[in-house]
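The block underneath contains the structure these notes are about, expressed in structure tokens.
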Amino acid sequence: MDTSLGQVVNVGEFWDVVVITAADEKQELAYKQQLSRKLQQKELPLGVHYHVFADPAGAKIGNGGSTLCALQCLEEIYGDRWNRFTVLLIHSGGYSQRLPNASALGKIFTALPLGYPIYQMLELKLAMYIDFPSHMSPGVLVTCADDIELYSVRDTDILRFDKPGFTALAHPSDLLIGTTHGVFVLEPSGGSECGDLEYRTCHRFLHKPSLEEMYQSGAVGRKGTPSPKNLAVGDLSTPNLHLDFVYTDSLFYMDNDSARKLLAFYQQLGALTCEIDAYGDFLQALGPGATVEYTRNTANVTREESELVEMREKIFHLLQGTPLNIVALNNSKFYHIGTTQEYLYHFTSDGTLKSELGLVSKAVSIFPGGSECFREAPCVIQSIMESRASVGLGSVVEYSWLGPDVTVGANSIISGCHILTNAALPPSSFLCALSLQVNGHLMYATMAYGVEDNLKRNVKALSDIRSLQFSGLGLLACLDLWGLKVTEGLFSGSRTSLSLWTARIFPVCPSLSESVMASLGMLGAVRGTSPFRLTSYELLSIEEMLFYKDVGDMMRWRERISQEIHLRGCQADVSE
């Protein structure tokens, strides 16, 4: 796709419209700022309509609700003209609590160790789908911001999205992956060979099914049947030895008639008051084997709203009978990069993804000690590592400047940080610095915790916070080490949803380096290196840090690092 970056693309050869969804107006503004900069720097194809659409204020509406809202926004901007468009719709709402270095600037702007200038997920998405629009009827391709779909087909094979109804890509996966994704129950193919690309029809779609459901429904491919060449595995640490497989979902396309049907439905509703899943609630209604029973299964929803079952039934009756066409990619892989563990594994240890995408261990960076020799070589992205600085195996450093004698422990994530003095970051640490605008002043705060901490886990009362863990230690013990008391003011937001995400424990400082060192001090106290009191600092939660974030200053920091790397004549690193 490099040839189209900064170039005006011809009509019919690329997307007419690219839409990115956002959780709210503040995230929408952050996305627009980054899109604008990319277009100014000619880092994206030109002549395309790029939009960011925020979910309406109020109840969480899920990616299905975001899809409906995006269709309404397209109607408001283009009227009937969008009927003739090919639209790429990328869901990037939410605050990435499982990978918080993507929280401030968005999952779709996650940096990759690839390209010059550094590719982010947006550029990769556009590159992966470069051939789709020219073989697509007017309609909408729906994808998510934190996954990668790679495939190999013969030169004569073409991925077409030109059939009525919905068309979805299907990837052969082990049964463990099937329990956490959508699974297709395909109609018999009648063929004896398993080509790299097969056009199939889907009898029904299962959303996060149990093993028993997969077997009973006929979704499982067995030993002795034509088998795929590649199999995505659910346990990253062990090879897949099981011969049974299922076809799991990734992205899907809906033709213009289906999109208009959903838009008319949304316009009749007036407003959404519950969470709709674009996969679980749209695709489960499709195919001749679809039944209404799934609408009453709320096991896989984050919250059971009273209106949810009724809403699902309405969607089922709206879409019932609509075809679900399948493009089975038998030599393909589906990668998800939405958690700290997935992020670390795929960028440092996963030799397969590295070779398939051309990922490097040192991308547009100064890192004299960098090495590609180890299987879990550290990954350094647009960062400066001064002499004698070191990064442990399995760690990722992005958009950071680390001075001499700074050591980063193994299996850690460091993002947006500036460390001038000698410092030792413990293994399995997470540090992510944010620029803030607080009462008209530019300030800084740095998230710090363990990479395996669960920021989404919440309790309902202060008396229950002893069950929350911070970097392997109970939160109550941590508060004691930091000199903090358990009070009503310790948490931001809802008083009945208390978590590490809403805990006011992160110090606010006037400079970036002071902020990083303060948060490193609090992390070090928990790891037993030295006591550290937080009582003299103004403290914010991650939730509040995102509210006060200064996107412009964070982008200026990244630009400063880029300019320094350029001045030192290290652009050649990109080819390593």
Side-chain angles (χ1 to χ4, degrees), residues 18-38 50-77 89-110 120-122 142-146 266 269-278 301-303 305 307-308 311 338 432 434-439 445 447 455-456 458 491-497 499-504 506 540-555:
V18 174
V19 173
I20 301 171
T21 65
D24 52 36
E25 289 184 354
K26 193 157 186 67
Q27 194 173 65
E28 177 187 21
L29 177 61
Y31 290 2
K32 284 182 174 178
Q33 286 177 266
Q34 293 173 89
L35 263 181
S36 177
R37 184 194 176 279
K38 284 183 178 293
Y50 295 94
H51 296 287
V52 182
F53 297 146
D55 291 349
K60 280 186 67 176
I61 59 175
N63 55 23
S66 297
T67 300
L68 300 178
C69 290
L71 297 179
Q72 175 64 36
C73 291
L74 289 173
E75 177 91 353
E76 291 171 357
I77 294 171
L89 174 58
I90 307 172
H91 285 298
S92 191
Y95 281 99
S96 192
Q97 289 174 286
R98 297 185 298 165
L99 185 65
N101 53 311
S103 294
L105 299 181
K107 290 180 282 190
I108 193 60
F109 298 103
T110 299
Q120 295 178 334
M121 282 298 292
L122 176 57
V142 180
T143 186
C144 295
D146 56 4
Y266 178 61
L269 285 177
L272 286 173
T273 56
C274 62
E275 203 166 338
I276 301 173
D277 187 89
V301 298
T302 55
R303 211 174 52 213
E305 298 93 341
E307 307 97 330
L308 180 59
M311 180 64 69
C432 177
L434 272 62
S435 307
L436 313 174
Q437 276 293 332
V438 183
N439 298 323
M447 308 176 200
L455 274 63
K456 299 183 76 170
N458 65 82
F491 294 89
S492 63
S494 169
R495 292 291 176 260
T496 58
S497 181
S499 65
L500 293 185
W501 188 259
T502 61
R504 290 185 170 121
F506 300 105
L540 294 177
S541 66
I542 299 176
E543 179 182 63
E544 291 171 322
M545 290 162 63
L546 296 178
F547 178 79
Y548 291 118
K549 68 185 177 186
D550 186 330
V551 173
D553 191 68
M554 285 184 275
M555 292 170 65

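Side-chain contact between Asp146 and Met121 is absent, with no heavy-atom pair separated by less than 4.5 Å. When side chains are defined from C-beta on, Asp24 counts as touching Tyr95, because their heavy atoms get closer than 4.5 Å. Two residues are said to be in side-chain contact when any heavy atoms from C-beta on lie closer than 4.5 Å; Met311 and Leu269 meet this criterion. Here the side chains of Leu89 and Phe53 are not in contact, with every heavy-atom distance at 4.5 Å or above. Side-chain contact between Ile61 and Cys69: present, with at least one pair of heavy atoms (C-beta onward) separated by less than 4.5 Å. In this structure, Leu434 and Met554 have side chains that are in contact, with non-hydrogen atoms separated by less than 4.5 Å.
Checked by atom type, the side-chain pair Ser492/Glu543 shows a donor-acceptor distance below 3.5 Å. Neither side chain, Ser66 nor Thr21, offers a donor N or O lying under 3.5 Å from an acceptor on the other.
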Checklist entry - What's the verdict on side chain to side chain contact (heavy atoms under 4.5 Å, CB included) for Asp55 and Leu272, showing C-alpha distance, side-chain angles and the deciding distance? => result CA-CA 10 Å; Asp55 291 349; Leu272 286 173; over 6 Å; no
Checklist entry - What do the steps show when you test Tyr50 against Lys38 for side chain to side chain contact (heavy atoms under 4.5 Å, CB included), and what is the final call? => result CA-CA 11 Å; Tyr50 295 94; Lys38 284 183 178 293; over 6 Å; no
Checklist entry - What do the steps show when you test Gln97 against Ile542 for side chain to side chain contact (heavy atoms under 4.5 Å, CB included), and what is the final call? => result CA-CA 10 Å; Gln97 289 174 286; Ile542 299 176; over 6 Å; no
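A distance-only check finds no donor-acceptor pair linking the side chain of Glu25 to the backbone of Ala54 [under 3.5 Å]. In this structure, Glu544 contributes its side chain and Leu540 its backbone to no donor-acceptor pair below 3.5 Å. Remark: side-chain polar atoms of Gln72 are not paired, donor with acceptor, to backbone N or O of Leu68 under 3.5 angstrom. In this structure, the side chain of Arg504 does not engage the main chain of Thr502 through any donor-acceptor pair within 3.5 Å. The main-chain N or O of Ser92 is found under 3.5 Å from a side-chain atom of Tyr31 such that the two form a donor-acceptor pair.
The distance from atom CE of Met555 to atom CG of Asp553, rounded to the nearest 0.5 Å, is 11.0 Å. Between atom CE of residue Met545 and atom CG of residue Leu436 there is a gap of 6.0 Å, rounded to the nearest 0.5 Å. Atom OG of residue Ser103 and atom CZ of residue Arg98 lie 11.5 Å apart, to the nearest 0.5 angstrom. Distance check: Ile20 CD1 to Glu28 CD gives 11.0 Å after rounding to the nearest 0.5 Å. Taking NZ from Lys32 and CG from Leu35, the interatomic distance works out to 9.5 Å, rounded to the nearest 0.5 Å. Between the CD atom in Gln33 and the CG atom in Asp550 there is a gap of 8.0 Å [rounded to 0.5 Å].
A side chain to side chain contact (heavy atoms under 4.5 Å, CB included) with His91 holds for exactly one of Ile108, Thr67, Val19, Thr143; it is Thr67.
Across all their heavy atoms, Ala102 and Ser96 have their closest contact at CB-OG, 3.7 Å.
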